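The structure is given below, and queries will be raised subsequently.
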Amino acid sequence: MSNLLAHLNEAQLAAVTLPAGHALILAGAGSGKTRVLTTRIAWLISTGQVSPQSLLAVTFTNKAAREMMTRLSAMLPINPRGMWIGTFHGLCNRMLRTHARDAGLSPSFQILDSSDQLSAIKRLLRAAGVDDEKYPPKNLQYFINQSKEAGLRAGAVEVFDDYNRRFVELYAAYDEQCQREGVVDFAELLLRSYELLERNQLLREHYQQRFRHILVDEFQDTNVLQYRWLKLLAGIDSSVFAVGDDDQSIYAFRGANVANMSSFEREFRVSNLIKLEQNYRSHGNILDCANALIEHNTRRLGKNLWTDAGDGEPVRVHEAFSDVLEAQWLVDEIRQLGRDGLERREVALLYRSNAQSRVLEHALFSAGIAYRVYGGLRFFERAEIRHAMAYLRLIDNPDDDGAFLRVVNFPARGIGTRSIELLQDAARRDSLSLARAAAVLTGGAAAKVGAFLSLVGRLREETARMSLADLVEHVVDRSGLIAHYATEKEGQERIENLRELVNAAVSFAAEEGFGSDMPASLGVARSFASESLGGAAPPPAPESFADAPDPMSDGALLLAASDAPADPLAVPQLSPLAAFLSHASLEAGESQAGEGQDAVQLMTVHAAKGLEFSAVFITGLEEGLFPHENSVAEVDGLEEERRLMYVAITRARSRLYLSLAQTRMLHGQTRYNLRSRFLEELPEGALKWLTPRVQAAASSYREGWGGAWEGVERSGNGFGRRGADNRSSGGSEPWRDTRRLPGSRSVDRDSDVGRADVTAVQAAARFDRGVPWRIGQTVAHARFGEGVIVGIEGQGADARVQINFGRQGVKWLALSVARLDPVN
DNA sequence: TCGGTTCAGAGTATT
DNA sequence: TCTGAACCGA
């Protein structure tokens, strides 16, 4: 055990060995966060303070959960598989499977990923005859997920207008459809689990007493519902150990609520707050940049990274004329790093948005430098894999309409839209699944759909006693998918992927301890016989849960079973096939092969979170790009961008490069960007400019841009149609006022000044005329709260500003009336 | 049912 | 500029 705690610094040691009680660990970038978390678990177990069954650790990604388990099994002679370590969704899934009946679900419910969900919504809208122009499926999806993540069922969503009322109706209809089909979307996993605990006192108390220690990773990324779920799970005797970094909160846009950190501190009366500030990753100059930058944010919990590794090299800054030249410079620099002995995989190129990768890829490709781009299609998202999974889903559950529609005519069987529509009408009329409604069809359509159904039925029978791996292989071979792709020009890769799916099943079975003699459809969860999912007996609505928590229900018994450490099945009663299906939905798989390859790593800054590299290039440091123009108009948007920059900087171990381009091709237009304000926020002393640092930007930009600049001049003296002239504004450095403006100025060579240009220019003009507000500025209003100025119009007594108040909406306010106070 | 054309939109993303 | 989705004609 002393071994366990060796090499921990003082703060880490204190965190790891905290006595029971709630704790918040503010773990800076590179401060050994994961190490503290896993060592804490190992310490708790090895000192006998908690049994492995009485501990729950939750992360956001499967990768993080795996990492935790790997490290744990290296520290302790235990198998962490049976422990409650996993993602929020994974743990909720587990809980719902165990208590499916109490949760009003079939124990083998299937999980919809985002695109399954979107198809389900489109199907719903079509069935309901809803105008999808007026109610775009994507918007409804967003609405539903938002509501669920706020813990709101359709009945609980407040609406004030007809438009949103319709959304609520559709939300309710969507939930009904899911319930009917026995499927559950991601947000539902959490909400259902939350409701289960909330309504079932016995279950809640059981888990509250069971989980003495609850550990949460990346706490700053939790959303409202996840936080409430944790609150529900934590009993009087539980200790919640939350690890996070408010400065690395970069997921507000997908619902993360940093405020959970301070709520946690307050609501749990956290007495132990420990800051991990010693950084083991980066050299001093890099940390100086990170610290100085993040200082510009307000409302931080407060933290300062330090290292004893020395200053290291300066942070290099390079300003190129164009995006193409920026890429060219990167290539040269990467080559030089290679000559200095640095491996390719130790070099990362980071960018704010995916669109920026193309130029970089082009340059790397031309130079013959191996690279790997993160993101893109993941394994289980590939069309051929989705098709195969649909066959598997139908074998497991014939009532899965989504799966039915995906493959009823794939490979093509001559079943057209017409037949499908007939089928859907019948299904709706009699409240049947599509497969069950097929009986109503007549003629050729009946024969064709019948052939499909008997194919699925045959596959189900043939595989009934097969192991999971054999089943998957059988289905891949006999579904007709392989034969279909064999006829396609580029089908070979798809066939290989299908073979890979068989491999995935083999390793999944091995990991889960499914022997090759164990039938995959063990306890065949539902065949046509399972009426509970059909139309006849509707499953209990979630609202009815509270009725009957029978202390000796199946759930309670299963609970005991799952407590037994010897139980090889993490999830009782789930067939290997159903387990594989849920595994595939919860874990989309690797995005690309070739991970072991020695290649330069290209990714967005978001994707880089949690990673580290010897050399990091942060590219495109321009106003409008980074910070992104869309973010500047959002409440707290700029601060989130700054945190993003902070994350980017702290990825680097010894070498950090910052680069920008004066002109960039974006959306088919050449844009002329200003240098990112973030560069101005870094300490001069830590930087080394590789290109002349241009102080009086206007004059030398003019030289550098040549003709392009003249284009601007022609279109209106350089500052837009309204005639505001920077050179006549009288200031000694007129540019300084505009350079802080958000949005890049874009110029259409032939005609006129681009839209973004006009906005910036107008703002500049207003600024020059003494309107004391600028776009991007955060202001406070007595009634609407805080907002961000996104537009300025008019002058003097007529001046109006457009402000985005977030939830309160975007409003135009007359400056002569509204009282605004600057924030910051 | 497929293949070409047209059009809109273009920010970050895990489960 | 480029991509993906929607649409139309053969």
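Hydrogens, waters and symmetry mates are skipped; everything else that's a heavy atom, side chains included, is used. Labels below follow one simple rule: chain letters A, B, ... track the order of the sequence lines, proteins then strands, and each chain is numbered from 1. Keep in mind it's a predicted model, so treat the numbers as computed, not measured.
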Do any N or O atoms of the protein come closer than 3.5 Å to N or O atoms of nucleotides 9-12 of chain B, and which pairs are they?
unit_1: B/dA10; atom_1: N3; unit_2: A/His667; atom_2: ND1; d: 3.3
unit_1: B/dG11; atom_1: O4'; unit_2: A/His628; atom_2: NE2; d: 3.3
unit_1: B/dG11; atom_1: O6; unit_2: A/Glu634; atom_2: OE2; d: 2.7
unit_1: B/dG11; atom_1: N1; unit_2: A/Glu634; atom_2: OE2; d: 3.0
unit_1: B/dG11; atom_1: N2; unit_2: A/Ser631; atom_2: OG; d: 2.1
unit_1: B/dT12; atom_1: OP1; unit_2: A/Asn354; atom_2: N; d: 2.5
unit_1: B/dT12; atom_1: OP1; unit_2: A/Asn354; atom_2: ND2; d: 2.9
unit_1: B/dT12; atom_1: O4'; unit_2: A/Arg352; atom_2: NH2; d: 3.0
unit_1: B/dT12; atom_1: O2; unit_2: A/Arg352; atom_2: NH2; d: 2.6

Go through the structure and list residues passing side chain to side chain contact (heavy atoms under 4.5 Å, CB included) with A/Asn630, not counting sequence neighbours.
A/His628
Quick one: side chain to side chain donor-acceptor pair (under 3.5 Å) partners of A/Ser193, sequence neighbours excluded?
A/Trp229
Have a look at A/Ser114 and say if it touches a base, only the backbone sugar-phosphate, or nothing, with a 4.0 Å heavy-atom cut-off.
base
Name all residues meeting the side chain to side chain donor-acceptor pair (under 3.5 Å) criterion together with A/Glu67; count only those two or more places apart in sequence or in a different chain, and write none if there are none.
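Once residues adjacent in sequence are excluded, the partners of A/Glu67 under the side chain to side chain donor-acceptor pair (under 3.5 Å) criterion are A/Arg71.
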Give me each pair satisfying salt bridge (Lys or Arg N to Asp or Glu O under 4.0 Å) with a member in residues 138-150 of chain A, each pair once, sequence neighbours excluded.
A/Lys148-A/Asp175, A/Lys148-A/Asp185, A/Lys148-A/Glu188
Give me the distance, rounded to whole Å, that separates C/dG4 from B/dA13 when you measure between the P atoms they each carry.
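C/dG4 and B/dA13 have their P atoms separated by 16 Å.
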Collect all protein-nucleotide pairs involving nucleotides 1-6 of chain B in which both atoms are nitrogen or oxygen and the distance is under 3.5 Å.
unit_1: B/dT1; atom_1: OP1; unit_2: A/Asn409; atom_2: ND2; d: 3.2

Mind calculating the distance between CD (A/Glu133) and P (B/dC7) to the nearest angstrom?
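In whole Å, B/dC7 P lies 15 Å from A/Glu133 CD.
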Partners passing side chain to side chain donor-acceptor pair (under 3.5 Å) against A/Arg386 (at least two apart in sequence or in another chain)
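A/Arg386 satisfies side chain to side chain donor-acceptor pair (under 3.5 Å) with A/Asp113, A/Ser115, A/Asp116 once adjacent residues are dropped.
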Taking the basic N atoms (NZ, or NE/NH1/NH2) and the acidic carboxylate oxygens, is any pair closer than 4.0 Å for A/Arg418 and A/Glu421?
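Here A/Arg418 does not pair with A/Glu421 in a salt bridge, since their nearest N and O are not under 4.0 Å apart.
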Rounded to the nearest angstrom, tell me the gap between atom CG in A/Leu586 and atom C1' in B/dT15.
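Spelled out: CG on A/Leu586 to C1' on B/dT15 is 7 Å.
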A/Glu218 CD to B/dA13 P: how many Å, rounded?
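Atom CD in A/Glu218 sits about 15 Å away from atom P in B/dA13.
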Run the salt-bridge test on A/Asp217 and A/Lys33 with the 4.0 Å N-O cut-off and return the result as yes or no.
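Result for this pair is yes, salt bridge flagged.
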Distance between the C1' atoms of B/dG11 and C/dA6, in whole angstroms?
24 Å
Between B/dT15 (P) and A/Leu225 (CG): distance, integer Å:
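About 17 Å, once rounded to whole Å.
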Just call it for A/Asn62: base, sugar-phosphate, or nothing, with non-hydrogen atoms closer than 4.0 Å on any strand.
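Sugar-phosphate contact only.
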Protein-nucleotide distance (A/Gln226, atom CD; B/dT15, atom C1'), rounded to Å
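Nearest whole value for this atom pair: 9 Å.
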Quick check for you: name the first and last nucleotides of DNA chain C, 5' to 3', having an atom under 4.0 Å from a heavy atom of chain A.
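Range of nucleotides within reach of chain A: C/dT1 to C/dC2.
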Is A/Arg372 close enough and on-axis enough to A/Tyr374, meaning under 6.0 Å and within 45°, for cation-pi?
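Yes, a cation-pi geometry holds between A/Arg372 and A/Tyr374.
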Salt bridge (Lys or Arg N to Asp or Glu O under 4.0 Å) pairs, two or more places apart, involving residues 124-137 of chain A:
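For residues 124-137 of chain A, and leaving out neighbouring residues, there are no salt bridge (Lys or Arg N to Asp or Glu O under 4.0 Å) pairs at all.
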If a pair satisfies salt bridge (Lys or Arg N to Asp or Glu O under 4.0 Å) and one of its residues is in residues 601-612 of chain A, list it, with sequence neighbours excluded.
A/Glu218-A/Lys609, A/Asp221-A/Lys609, A/Arg281-A/Glu612, A/Glu612-A/Arg653
B/dT12 and C/dA5, which share atom name C1', separated by this distance in whole Å
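That atom pair is separated by 22 Å.
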Could you check how far CG of A/Asn145 sits from C1' of B/dT14, rounded to whole Å?
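Rounded to whole Å, this separation is 12 Å.
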What is the distance, to the nearest angstrom, from the CD atom on A/Gln117 to the C1' atom on B/dT14?
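Taking atom C1' of B/dT14 as the reference, CD of A/Gln117 is at 14 Å.
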Pairs involving residues 348-358 of chain A, ordered by first then second residue, that meet side-chain hydrogen bond (donor to acceptor under 3.5 Å, both in side chains) (sequence neighbours left out)
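Non-adjacent pairs meeting side-chain hydrogen bond (donor to acceptor under 3.5 Å, both in side chains): A/Arg352-A/Glu641, A/Ser353-A/Gln356, A/Ser357-A/Glu361.
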Counterpart residues, side chain to side chain donor-acceptor pair (under 3.5 Å), relative to A/Arg642 (two or more places apart)
A/Asn297, A/Glu681
Whole Å only: how far is the NZ atom of A/Lys138 from the P atom of B/dA8?
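After rounding, the gap between these two atoms is 16 Å.
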For A/Phe186, which contact category applies under a 4.0 Å heavy-atom criterion: base, sugar-phosphate, or nothing?
base
